[in-house]
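Presented below is the structure to which this report refers.
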Amino acid sequence: MNSGVTPEGHEIGRAQLLQALAAGVVPSWLHNPILLKPTGEATSQVVVAGKVAGQADASTYFGLRDKLRPVVWRAFSELARRADVVLIEGAGSPAEINLARDDLVNMGLADLVDAPVLVAGDIDRGGVFAALAGTQLLLEPAQRARIQGWIINKFRGDPALLKDGLAMIEQRTLVGVRGVVPFVHDLGLDEEDGVWLERDLVRGTGEITVAALRLDRVSNSTDMDALAREPDVALHWTRDPDRVATADLVVIPGSKSTRADLADLERDGLVAAVQAAHARGAFVLGLCGGYQMLGREINDDEGVDGPPGRSRGLGLLPLVTAFARELPKVLVNTYGSDLATGERVAGYEIHQGRTVVDPLTPPLLELRGRPDGCTSADGRVMGCYLHGLLDAPGYRRALLNRVRAARGLAALAPSSQLTQSERLDRLADVLEHALDVPWIESLLERRSPLPAHPELDRIAGGPGGVDAIVRELFAPAATSAPPLARRAAVVLGVRDSPADSFPSGAFDPADRDVVRRVILARRDVRQFQSDPIPTAVLREILSLAHHAPSVGFMQPWNFVVVTSRGTRERVKDSFVRTNVAELAKIDDERRAALYAGLKLEGILESPLNVAVTCDRRRDAPFVLGRAPMPDTDLYSTCLAVENLMLAARAHGVGVGWVSLLDPALVARVLALPEGVVLVAYLCVGYPVEFRARPLLEEVGWKARAPLEGAVYAEQWGCVYDWGSGPPDARGA
Ligand SMILES: Cc1cc2nc3c(=O)[nH]c(=O)nc-3n(C[C@H](O)[C@H](O)[C@H](O)COP(=O)(O)O)c2cc1C
């Protein structure tokens, strides 16, 4: 199973990530409410609402179906509210009659939401007509009636040859064929899983032999796709020890069960083959589980990754990996650079173990300003947790050129590969020709309204919502979670007439230092904890905001405190739409990928939102000082926002300004009268962290400009000479 991470830090299948991108929406757990990741022959990790809920064998999993139904319903109804069309991809076959009773991902879901169904059959595997007719035969009459059309997929050859068969299947089933989709070669889109890796296979014919170990439990096999498309690469997905021992580059990919795969590699002589390849001078790269295998030891005494025990690794990197139940799964989109070449890299981490590297070992990468992964002293063995490492064109080419140099081959320039959105466009063009699109549109127009499921709404909307369901999924006797560490909230009380407590001149150095620290430590916050803000703290923050300067003492601001989930969901909707539209404007693919991975709001996670408005009519018609610069009322409101941010920071409360919104829509949602404008929409709450630097600086989007360029002397553009400014006597 290939999975990935959403901008909200949730794990979903790569297929769903890709589908979200194809649909132009930000990927979310709603697109994949349940993800089963097989970890052994009979067990799977069950990921619900983007988080690991537990491990289950098939019968345990089926026992959970009733508990999972409200989660699935919640995801669907939420999407239905947001989107014009929700396309459900059924998992497995629609006619898995042994599982039909408890089905909630295929025809069962179609029943739940009353959706029409199109059935696609894969003609490349053969037997497509029998599969379609057989599917219809095996379904119960009510489900049979849902099938509105057949689609033949992956057809090679002359469509004329298919004509009679299509007519016959329509006659027999009384259901129309709504498209024949040709086989598309080298589509290059992420595979849903590694099932296609059941036997050795080769991709490409280049002079550099790359051996990717075909692990039985391979995960994120998509890591190898971009490498396989390089013109000088022949990529062998293989379990052949000779092939591995003679390769130029060996890659050990991720694994769903590292120790089990490692044991199989040992048994099949592949551990020795990798060691032999290295001894011969080949390069070795381990990704995620493969990285763990390259170390000295993997300890899993609690049986988190499979049966409990310890395994000896390949010993090619000086590191040890440990699994422990209390270590949370790492799920993160991240970015940085390769330390050897400076090439930028980006991707995602999904893993459970923690790896400790010998401190004298050089790191491979720098990710978000921290060293990551490691490399051997000779530089030929490398490993890290970063999936997507090989998707970075510069890094990939630099690595291949090192391999080429070792073989005495000249370096090549980075290849230009189609971007993912270009590949999706290619597929869309094929589908547009192959499918009866007007008919599909008419099917959508005939849609019936969504059925009501008040009981499911009640369960999914209960205390704690979906999170509570997930927490209790495997623990019927719920253990109460330890209380979150409470911050000491020292509330000074509101000092409305404070003149006597303030000095008339400068504050003393310690007070000045506090002001400085608060200003420098303020950060725009997008990740919040859900703890409420004590009323007294909120009052203090808004009171200090209210003490901002304003033109003519107009005080044009109001603070609309929004806690209602419904209102916030409508604002979040506006964010999602605006964000997607912004994403579409970025041409540079790497920048777009960087942008898509950024978390830019915390509307729902924060315990409350504050909309700061400016009443432009206040004190009309005469506001002292405003007439010559009519926008000074808006500037004044911004100063209230700034006061709010600094006051909040002093209390350890974070504020995130969300401007990716449709202001007219938010004004309607908040019932703002004519003449009252929205200046700032703020998410307010205790943050997960206050970053040391602005997020946009950390990700390399933009750095803080030097003060020198911001200060001019006398006229725009004239450099201010600090040396000739007023003497320093007063500031000393
Ligand atoms: C007017 C204004 C609008 C902003 N809008 C957004 C936004 O929609 N989403 C977001 O993530 N950050 C937004 N920000 C935050 C800025 O990106 C952030 O302030 C900047 O990167 C500097 O980081 P710092 O606030 O942590 O110092 C906004 C900031 C301002 C002042």
Side-chain angles (χ1 to χ4, degrees), residues 6-9 26 333 335 368-369 515-528 541 545 548 556-557 559 562 568 570-586 591-592 594-606 609-614 631-667 669 677-707 709-710:
T6 71
E8 308 264 334
V26 177
N333 288 311
Y335 47 79
R368 292 184 192 240
V515 173
R516 186 169 193 277
R517 274 167 49 212
V518 171
I519 290 175
L520 293 182
R522 184 209 50 80
R523 284 281 76 83
D524 192 83
V525 170
R526 301 113 200 242
Q527 282 174 308
F528 295 91
I541 292 171
W557 48 73
F559 307 101
V562 181
R568 286 190 284 148
R570 291 175 70 190
V571 175
K572 169 89 181 207
D573 260 350
S574 175
F575 165 79
V576 170
R577 281 171 202 272
T578 314
N579 197 28
V580 167
E582 287 300 294
L583 178 59
K585 289 179 196 157
I586 307 177
R591 223 162 155 74
L594 184 61
Y595 180 90
L598 288 177
K599 177 144 175 56
L600 297 177
E601 53 73 46
I603 298 167
L604 296 179
E605 300 94 312
S606 57
N609 300 170
V610 177
V612 186
T613 58
C614 177
D631 286 342
T632 42
D633 53 355
L634 296 171
Y635 307 157
S636 305
T637 309
C638 293
L639 296 173
V641 175
E642 174 76 345
N643 271 14
L644 186 157
M645 290 174 163
L646 295 175
R649 180 62 189 90
H651 281 276
V653 171
V655 177
W657 186 324
V658 190
S659 55
L660 291 156
L661 294 173
D662 173 356
L665 191 144
V666 178
V669 171
V677 298
L678 176 73
V679 169
Y681 195 87
L682 307 173
C683 310
V684 182
Y686 290 105
V688 171
E689 62 169 339
F690 282 107
R691 292 169 185 277
R693 293 191 292 157
L695 174 77
L696 296 189
E697 191 171 290
E698 260 190 32
V699 304
W701 187 270
K702 206 168 180 295
R704 186 176 300 286
L707 176 69

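Read the numbers this way: they start at 1 and go in the same order the structure lists the ligands and their atoms. Keep in mind it's a predicted model, so treat the numbers as computed, not measured. When reading the values below, keep in mind they use all heavy atoms of this one structure, side chains included, and skip hydrogens, waters and symmetry mates.
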| field | Arg570 to Leu665 - nearest heavy-atom pair and separation | value | O-CD2, 4.3 Å
| note | Residue, atom and distance of the protein heavy atom nearest atom 19 (O) of ligand 1 read Asp524 CB, 3.9 Å
| task | Answer yes or no: is there an ion pair linking Glu601 with Lys572, defined by an N-O contact shorter than 4.0 Å? | result | yes
| Are Leu646 and Arg522 close enough that some pair of their side-chain heavy atoms sits under 4.5 Å apart? | yes
| query | How far is atom 25 (O) of ligand 1 from its nearest protein heavy atom, and which residue and atom name does that atom have? | reply | Arg522 NH1, 2.9 Å
| field | Candidate with minimal heavy-atom separation from atom 13 (C) of ligand 1, of Phe575, Trp701, Trp657 | value | Trp657
| message | Students should be able to answer this: which protein heavy-atom is nearest to atom 9 (N) of ligand 1, and at what distance? | response | Leu600 O, 3.0 Å
| query | Do Arg523 and ligand 1 have an N or O pair less than 3.5 Å apart? | reply | yes
| note | ligand 1 atoms nearer than 4.0 angstrom to some heavy atom of Val658 are 7 (C), 8 (O)
| field | Nearest-0.5 Å distance that lies between atom CG in Asp524 and atom CG in Leu696 | value | 8.0 Å
| Considering only heavy atoms of Leu660, which atoms of ligand 1 have at least one such atom less than 4.0 Å away? | 8 (O)
| Can a cation-pi geometry be assigned to Arg591 and Trp701, taking NZ or CZ under 6.0 Å from the six-membered ring centre and within 45° of the ring axis? | yes
| said: Measuring from atom 17 (O) of ligand 1, which candidate in Lys702, Arg526, Arg693, Glu582 has the nearest non-hydrogen atom? | reply: Arg526
| note | In Arg693, Arg691, Arg704, the residue satisfying salt bridge (Lys or Arg N to Asp or Glu O under 4.0 Å) with Glu698 is Arg691
| query | Does a salt bridge link Glu605 with Lys599, judged by any charged N lying under 4.0 Å from a carboxylate O? | reply | yes
| task | Taking only Lys NZ, Arg NE, NH1 and NH2, and the carboxylate oxygens of Asp or Glu, determine whether Glu697 and Arg368 approach each other closer than 4.0 Å. | result | no
| query | So is there a nitrogen or oxygen of Lys599 less than 3.5 Å from a nitrogen or oxygen in ligand 1? | reply | no
| field | Which residue and heavy atom of the protein sit nearest atom 23 (O) of ligand 1, plus the separation | value | Pro694 CB, 3.2 Å
| said: What I want to know is whether Leu696 and ligand 1 share at least one N or O pair that is separated by under 3.5 angstrom. | reply: no
| said: Among all the protein's non-hydrogen atoms, which is closest to atom 8 (O) of ligand 1, and how far away is it? | reply: Ser659 N, 2.7 Å
